[in-house]
Amino acid sequence: MTLTHVRVMLEYFHPWTNAAGLYVASRQGWYRDAGLDVELTVFDSLRGDTLEHLARGEVHLGVFPTNRLLVRSAAGQPLTAVASINHRGMETIQTVTGRGITRPRDLEGRRLALNPTPRGVAMVRHLVRADGGDPDRLILVDSGHRELSADDIAAGEVDATFGGYWAWDALFAQLPGEQRIVWPVDEIGAPPYHSYLLGTGPALTDRTLIEAFLSATERGYRAAREDPALALEIMDRVIPYFPKPILARSLSLIAPTWFDGDRWGAIRDDLMTPYTTWLAENDILPASFDWRHAVTPTSFATAVTSPAAP
């Protein structure tokens, strides 16, 4: 059987547990059964993120943050989502005990480290304001692409950080858990959103091939959820330099985010519309932009959405 080569780019500098379903599907031969030779890869950060590689036609499918897709779609780039990966926000604000920071508004006058993208700055300002604080009193520290940890906070580099994931980065701190404060953003006032979507660019427009890939991928994510030992064994082979207990903990935390009830892949209006509105209110998207223009209708993406307006 001749297999169709499909290159899929992940969302981060290296694979992590959010990709477990993709790797399970690959390892179990389910892509091959669908006639696909799937290559899973990560981006070259010196050449841009996953969406830039997709836009240049260098990969067929990719995993990317929702907000970045919407911004590029609004700018007219031929990039579209075909399924969701996560149904929750992953980011956190983190700090440590003993600093007098017990809620977001306590960050007034404190040094908060983040990658100061327009969306990141808008989010931390929103979270402080939502708790009754004055976001103009935040002291923002540019940490670039590096996520500072609770250990860095304890060492006095900053007072708090924004961006690390509760299901990944936050698990690596050496500081004892009782000394760490971790606030998932969707628990302290952030609008609901899909952290990551899966989508295509100009290199792949074959709807039949996309559906075949999605069906095998759903099978992989279901297996990763239902058989965490299998997922752990595969991820330990893919990223062997990460401690296995942390991989296991991360898998247990992140697996529930892959599903809306028991549905995989749905791109949900109740997550997309509030987030798009919030991005527009913060001048990150045009006020007139409709997120449906950034979604290609499939049996997965249209589970709870309507087609884009002509």
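In what follows, every heavy atom counts, from backbone to side chain, and hydrogens, waters and symmetry copies are set aside.
No donor-acceptor pair closer than 3.5 Å links the side chain of Asp236 to the backbone N or O of Glu233. Not a single donor-acceptor pair under 3.5 Å links the side chain of Ser215 to the backbone N or O of Ala212. At least one donor-acceptor pair under 3.5 Å links the side chain of Arg99 to the backbone N or O of Ile153. Checking side-chain atoms of Ser143 against main-chain N and O of Leu148 turns up no donor-acceptor pair under 3.5 Å. Looking at His126, its side chain does come within 3.5 Å of a backbone N or O of Gly189 through a donor-acceptor pair. Checking side-chain atoms of Ser84 against main-chain N and O of Ala266 turns up a donor-acceptor pair under 3.5 Å. The backbone N or O of Ile239 sits nowhere less than 3.5 Å from a side-chain atom of Trp16 that would complete a donor-acceptor pair. Without hydrogens or angle criteria, Asn86 side chain to Arg88 main chain gives no donor-acceptor distance under 3.5 Å. Asn282 contributes no side-chain N or O that, together with a main-chain N or O of Ile284, makes up a donor-acceptor pair within less than 3.5 Å. Side-chain atoms of His194 do not come within 3.5 Å of backbone N or O of Met272 as any donor-acceptor pair.
Note on Ile85: it clusters hydrophobically with Met235, by side-chain heavy-atom contacts below 4.5 Å among ILVMFWY residues. Two different hydrophobic clusters hold Val158 and Tyr165 under the rule that ILVMFWY side chains link at heavy-atom gaps under 4.5 Å. In the hydrophobic clustering of this structure, Ile267 does not group with Leu271; members are Ile, Leu, Val, Met, Phe, Trp, Tyr whose side-chain heavy atoms approach within less than 4.5 Å, directly or through other members. The same ILVMFWY cluster, assembled from side-chain heavy atoms under 4.5 Å apart, contains both Met9 and Leu209. By the criterion of side-chain heavy atoms lying less than 4.5 angstrom apart, applied directly or through intervening Ile, Leu, Val, Met, Phe, Trp or Tyr residues, Val141 is not grouped with Leu127; the two fall into different hydrophobic clusters.
The line from OG1 of Thr205 to CD1 of Ile210 is 7.0 Å long, rounded to the nearest 0.5 Å. Atom CZ in Arg292 sits 8.5 Å away from atom OG1 in Thr276 (nearest 0.5 Å). From Tyr12, atom OH reaches atom NE2 of His145 across 10.5 Å, with rounding to the nearest 0.5 Å. Expressed to the nearest 0.5 Å, how far CZ of Arg56 lies from CG of Leu51 amounts to 11.0 Å. Distance CD1/Ile246 to CG/Leu251: 12.0 Å, rounded to 0.5 Å. In this structure, the separation between OG1 on Thr257 and OH on Tyr196 is 11.0 Å, given to the nearest 0.5 Å.
A ring-centre distance under 6.0 Å is found for Phe242 and His14. Taking the six-membered ring wherever Trp is involved, the centroid distance between the rings of Phe43 and Phe13 falls below 6.0 Å.
The minimum heavy-atom distance linking Pro256 with Ser252 is given by the pair CD-O, 3.5 Å. For the residue pair Ala294 and Leu70, the shortest heavy atom distance occurs at CB-CD2, 3.9 Å. Between Phe289 and Ser73, the shortest heavy-atom contact is CZ-OG, 3.7 Å. Shortest non-hydrogen contact noted between Arg180 and Ala173 is CD-CB, 3.8 Å. For Pro104 against Val128, the heavy-atom pair with the smallest separation is O-CG2, 3.8 Å. Nearest approach of Pro191 to Tyr193, heavy atoms of both residues: O-CD2, 3.0 Å.
The shortest distance between side-chain heavy atoms of Leu69 and Leu79 falls below 4.5 Å. A 4.5 Å side-chain heavy-atom check between Trp258 and Asn18 finds at least one atom pair inside the cut-off. Two residues are said to be in side-chain contact when any heavy atoms from C-beta on lie closer than 4.5 Å; Val71 and Leu285 meet this criterion. No side-chain heavy atom of Val8 sits less than 4.5 Å from a side-chain heavy atom of Tyr31. Between Ile101 and Ile181, every side-chain heavy-atom pair lies at or beyond the 4.5 Å cut-off. With a 4.5 Å cut-off on side-chain heavy atoms, Phe64 and Leu54 count as touching. Inter-residue side-chain proximity for Glu178 and Thr97 is flagged as unmet; no heavy-atom pair is nearer than 4.5 Å. Taking the side chain as every heavy atom from C-beta outward, Thr50 and Leu10 never approach each other to under 4.5 Å.
A salt bridge links Asp49 with Arg72: at least one charged nitrogen is closer than 4.0 Å to a carboxylate oxygen. Salt bridge annotation for Glu52-Arg68: absent, with no cationic side-chain nitrogen under 4.0 angstrom from a carboxylate oxygen. Ionic pairing of Glu211 and Arg207 is not present here: no N-O contact between side-chain nitrogen and carboxylate oxygen is shorter than 4.0 angstrom.
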Quiz item: Given the rule in the side chain to side chain contact (heavy atoms under 4.5 Å, CB included) test, do Tyr221 and Leu22 qualify, once you have shown the distances and angles that lead to the verdict?
Solution: CA-CA 7 Å; Tyr221 274 100; Leu22 295 158; 4.0 Å; yes

Exercise. Assess whether side chain to side chain contact (heavy atoms under 4.5 Å, CB included) is satisfied between Leu112 and Asp159, documenting all intermediate values.
Key: CA-CA 6 Å; Leu112 176 69; Asp159 299 302; over 6 Å; no

Practice problem: Any chance you could lay out the side chain to side chain contact (heavy atoms under 4.5 Å, CB included) test for Gln179 and Val96, step after step, and finish with the verdict? | Solution: CA-CA 6 Å; Gln179 297 179 36; Val96 299; 5.6 Å; no

Practice problem: Take Thr17 and Trp168 through the side chain to side chain contact (heavy atoms under 4.5 Å, CB included) test and state the conclusion after the steps. | Solution: CA-CA 8 Å; Thr17 51; Trp168 185 248; 4.0 Å; yes

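In this structure, Arg32 places its CZ atom where only 12 or fewer heavy-atom neighbours from other residues, nucleotides or ligands lie under 6.0 Å away.
With hydrogens and angles left out, the side-chain atoms of Thr273 and Trp291 include a donor and acceptor closer than 3.5 Å. A donor and an acceptor atom, one from each side chain of Thr161 and Glu147, are nowhere located under 3.5 Å apart.
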